[in-house]
Amino acid sequence: MLFICVLAFANGANDNCKGVATLVGFGTAKPRQALLWAAVTTACGAVVSYWISGALVDKFSRSLFEAGVVLDHGFFVAVLFGALGWVLIATKSGLPVSTTHSITGALIGAGLVALSSSGIRWAFLVDKFAKPLALSPILSLAIVFLLAWPVTAIIQRYSSLCVCVVPSQPAQLGSTAGALSMSAATPGGPALVTAYDGSCEAQPAIASATASMVANAVHWASSGMVGFARGWNDAPKIAALGTVAAATVAPEYGRPLVFVLVTAAMAAGGLIAGASVLETLAKKVTPLPLVESLTASTVTSTLVSLASWNGLPVSTTHVSTGAIIGAGLKNNAREVRWGKVGEIVLSWLITLPVSALLASGAQFLLSRL
């Protein structure tokens with residue numbers, strides 16, 4: 001159970017920031033505010049996943065292996081060691097790696113030692129693990145790049161639009177400069193004014209909203225949805241590794257206990273140790289203007305939510321990073337820091353083999369005890 005908590009903590013430290021990096025990159029939020037928002041939304045997603053994540057729990061506990069194989073406590077300890085070792089190293093280095101990839105590599109490494117290659121369902125691994133993990137960053141990059149163009153046109157068209165409620169008499173409405181439309185619910189009562197030229201700012205408004213305010217609100221909401229979707233997709237993967245141990249420690253409350261611990265540790269990890277990876281994604285990959293930031297976070301939340309609903313183990317890291325790179329390409333390809341992108345991609349490529357190597361070594365040693 002200790003390994004489960006530490007892995008969940010490391011996962012939060014490395015992954016919680018993936019949704020809020022665009023908030024910090026654009027300047028909408030300070031790092032501490034963003035990490036707090038990420039912790040809250042991730043925890044909400046992790047809690048919800050307890051009831052709707054059966055497919056993911058099954059995939060990361062037994063579905064990867066042939067029917068009838070026996071997986072003992074030592075096996076899951078080896079898997080946790082392999083996944084945890086690499087995630088901790090990457091987080092310390094500020095590299096946004098995939099916990100999903102780490103767990104998958106660790107499962108394969110420990111499985112090869114404990115069961116040999118014949119005990120692993122390789123076709124299932126390719127279809128249900130490899131394909132979603134490989135295609136998701138490419139898909140998010142392409143969608144963000146293509147979608148940001150019409151989003152830019154829409155926001156530019158309505159960028160100066162404002163709507164406000166003013167305590168005006170009907171006779172006064174006709175003199176409201178710049179108003180596109182005006183209406184009063186009752187004679188002498190408040191009126192709704194819609195304008196393009198900032199007329200709302202010149203009025204004694206009861207309430208008002210501008211296009212930029214709405215865009216920022218949507219940006220916060222979409223970033224929160226990334227955190228929610230990430231908690232929904234990642235918590236079951238980690239919890240799956242602890243179900244065997246939890247069933248032994250507390251048979252009646254094993255699964256709920258694991259989810260509670262994973263949720264708390266994920267939230268704490270992001271708050272306490274998430275700043276390094278956040279800085280990498282927010283500041284070191286590419287500049288992120290509002291339109292690109294908004295599009296990237298919206299696409300990331302949508303893709304990860306769809307994957308979670310369908311029980312597909314995608315990596316929020318890969319999806320969000322692909323989205324940020326796509327945003328950078330749309331904004332200005334020359335401003336994308338390709339050296340840093342190369343470092344991130346290299347860390348992705350070595351995640352699976354390093355985790356597998358660590359887990360296989362741990363499984364070999366534990367089997368000799």
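FYI, side chains are in, hydrogens and waters are out, and symmetry mates aren't considered; it's all heavy atoms of this structure. Source: prediction; values computed, not measured. Sequential numbering from 1 along the given sequence is applied to the chain's residues.
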Novice: Write down the atom of Thr91, the atom of Ala13, and the distance for their closest heavy-atom approach.
Specialist: CG2-CB, 3.8 Å
Novice: Any chance you could measure Phe228, atom CZ, to Ser301, atom OG, to the nearest 0.5 Å?
Specialist: 11.5 Å
Novice: Treating Arg368 as the side-chain partner and Gln363 as the backbone partner, does any N or O pair qualify as donor plus acceptor under 3.5 Å?
Specialist: no
Novice: Check each of Thr317, Thr300, Thr42, Thr316 against Lys18 using the side-chain hydrogen bond (donor to acceptor under 3.5 Å, both in side chains) test, and report the only one that passes.
Specialist: Thr317
Novice: For the atom pair CD1 (Ile138) and CD1 (Ile325), what is the distance rounded to the nearest 0.5 Å?
Specialist: 11.0 Å
Novice: Do the side-chain N and O atoms of Ser98 and Ser315 include a donor-acceptor pair separated by under 3.5 angstrom?
Specialist: yes
Novice: Please assess Leu261 against Ile4 for the test side-chain contact (heavy atoms from CB on, under 4.5 Å), listing each intermediate value before the final yes or no.
Specialist: CA-CA 8 Å; Leu261 293 174; Ile4 288 290; 5.5 Å; no
Novice: Would you give the length of the straight line joining atom CG of Leu281 to atom CD1 of Ile344, rounded to the nearest 0.5 angstrom?
Specialist: 6.0 Å
Novice: Measure the shortest side-chain to side-chain distance between Val304 and Trp232 over non-hydrogen atoms and say whether it is less than 4.5 angstrom.
Specialist: no
Novice: Got a donor-acceptor contact below 3.5 angstrom from the Thr295 side chain to the Val291 backbone?
Specialist: yes
Novice: Less than 6.0 angstrom separating the ring centers of Phe81 and Phe76, yes or no?
Specialist: no
Novice: Any idea which heavy atoms bring Val97 and Ser347 closest together, and the distance?
Specialist: CG1-OG, 3.6 Å
Novice: With a 3.5 Å distance limit and no angle check, can you tell me whether Gln33 reaches the backbone of Lys30 through a side-chain donor-acceptor pair?
Specialist: yes
Novice: Is the backbone of Phe145 close enough, under 3.5 Å, to the side chain of Trp149 for a donor and an acceptor to pair up by distance?
Specialist: yes
Novice: Among residues two or more places apart or on two chains, list those pairs meeting ring pair (Phe, Tyr, Trp, His ring centres under 6.0 Å) that have a residue in residues 341-369.
Specialist: His318-Trp348
Novice: State the CG-OG1 distance between Asp15 and Thr100, to the nearest 0.5 angstrom.
Specialist: 7.0 Å
Novice: Is it the case that the side chains of Thr99 and Lys237 hold a donor-acceptor pair, with the cut-off being a distance below 3.5 Å and no angle test?
Specialist: no
Novice: So, does Asn11 use its side chain to make a donor-acceptor pair with the main chain of Leu7 at under 3.5 Å?
Specialist: no
Novice: For Gly326 and Val144, work out which heavy atoms get closest and say how close.
Specialist: C-CG1, 3.9 Å
Novice: According to a hydrophobic-cluster definition based on side-chain heavy atoms being under 4.5 Å apart (Ile, Leu, Val, Met, Phe, Trp, Tyr only), do Ile350 and Leu357 belong together?
Specialist: no
Novice: So which atom in Arg230 and which in Met266 form the shortest heavy-atom distance, rounded to 0.1 Å?
Specialist: NH2-CE, 3.1 Å
Novice: Would you say the side-chain atoms of Asn331 and Thr286 include a donor-acceptor pair closer than 3.5 Å?
Specialist: no
Novice: Between Ser355 and Trp86, which heavy-atom pair has the shortest distance, and what is it?
Specialist: OG-CB, 3.7 Å
Novice: Looking at every heavy atom in both Pro256 and Tyr50, which two are closest together, and how far apart are they?
Specialist: CG-OH, 3.2 Å
Novice: Do Trp338 side-chain atoms and Ala333 backbone N/O form a donor-acceptor pair below 3.5 Å?
Specialist: yes
Novice: Indicate yes or no: at least one non-hydrogen side-chain atom of Glu279 is less than 4.5 angstrom from one of Ser276.
Specialist: no
Novice: List the residues meeting side-chain hydrogen bond (donor to acceptor under 3.5 Å, both in side chains) with Ser223, not counting sequence neighbours, and say none if there are none.
Specialist: none
Novice: Is there side-chain contact between Thr280 and Leu95, with heavy atoms separated by less than 4.5 Å?
Specialist: no
Novice: Quick check for you: to the nearest 0.5 Å, what is the distance between Leu271 atom CG and Leu35 atom CG?
Specialist: 6.5 Å
Novice: Indicate yes or no for a side-chain donor-acceptor contact from Ser297 to the backbone of Leu294 under 3.5 Å, with no hydrogens or angles considered.
Specialist: yes
Novice: Taking the side chain from Ser140 and the backbone from Pro137, do they hold a donor-acceptor pair closer than 3.5 Å?
Specialist: yes
Novice: Would you tell me whether Thr22 and Ser293 have side-chain atoms, one donor and one acceptor, within less than 3.5 Å of each other?
Specialist: no
Novice: Checking Val87 against Lys92 for the side-chain contact (heavy atoms from CB on, under 4.5 Å) test, could you report, in this order, the C-alpha distance in whole Å, the side-chain angles of both residues, the deciding distance, and whether it holds?
Specialist: CA-CA 8 Å; Val87 174; Lys92 183 68 175 178; over 6 Å; no
Novice: Classify the ring geometry of Phe26 against His219: parallel below 30°, tilted from 30° to 60°, perpendicular beyond 60°.
Specialist: tilted
Novice: Any link between Val79 and Ile120 through a network of hydrophobic side chains (Ile, Leu, Val, Met, Phe, Trp, Tyr) touching at under 4.5 Å?
Specialist: yes
Novice: If two hydrophobic side chains count as joined below 4.5 Å and joins carry through other members, does Leu147 share a cluster with Val218?
Specialist: yes
Novice: Is there a side-chain contact (heavy atoms from CB on, under 4.5 Å) between Phe75 and Phe65? Walk through the geometry before answering.
Specialist: CA-CA 12 Å; Phe75 174 84; Phe65 306 103; 3.4 Å; yes
Novice: Does atom CH2 of Trp122 have more than 12 heavy-atom neighbours, drawn from other residues, nucleotides or ligands, at distances under 6.0 Å?
Specialist: yes
Novice: Using distance alone, with no hydrogens and no angle criterion, decide if Lys330 and Thr152 have a side-chain donor and acceptor under 3.5 Å apart.
Specialist: yes
Novice: With a 4.5 Å cut-off on side-chain heavy-atom distances among I, L, V, M, F, W and Y, is there a chain of contacts connecting Trp37 to Ile324?
Specialist: no
Novice: Using a 4.5 Å cut-off on heavy atoms from C-beta on, say whether the side chain of Leu64 contacts that of Leu125.
Specialist: yes
Novice: Can you tell me how far the CG atom of Asn14 sits from the CG atom of Leu278, to the nearest 0.5 Å?
Specialist: 11.5 Å
Novice: In the single-linkage hydrophobic clustering (I, L, V, M, F, W, Y; side-chain heavy atoms under 4.5 Å), do Val262 and Val260 co-cluster?
Specialist: no
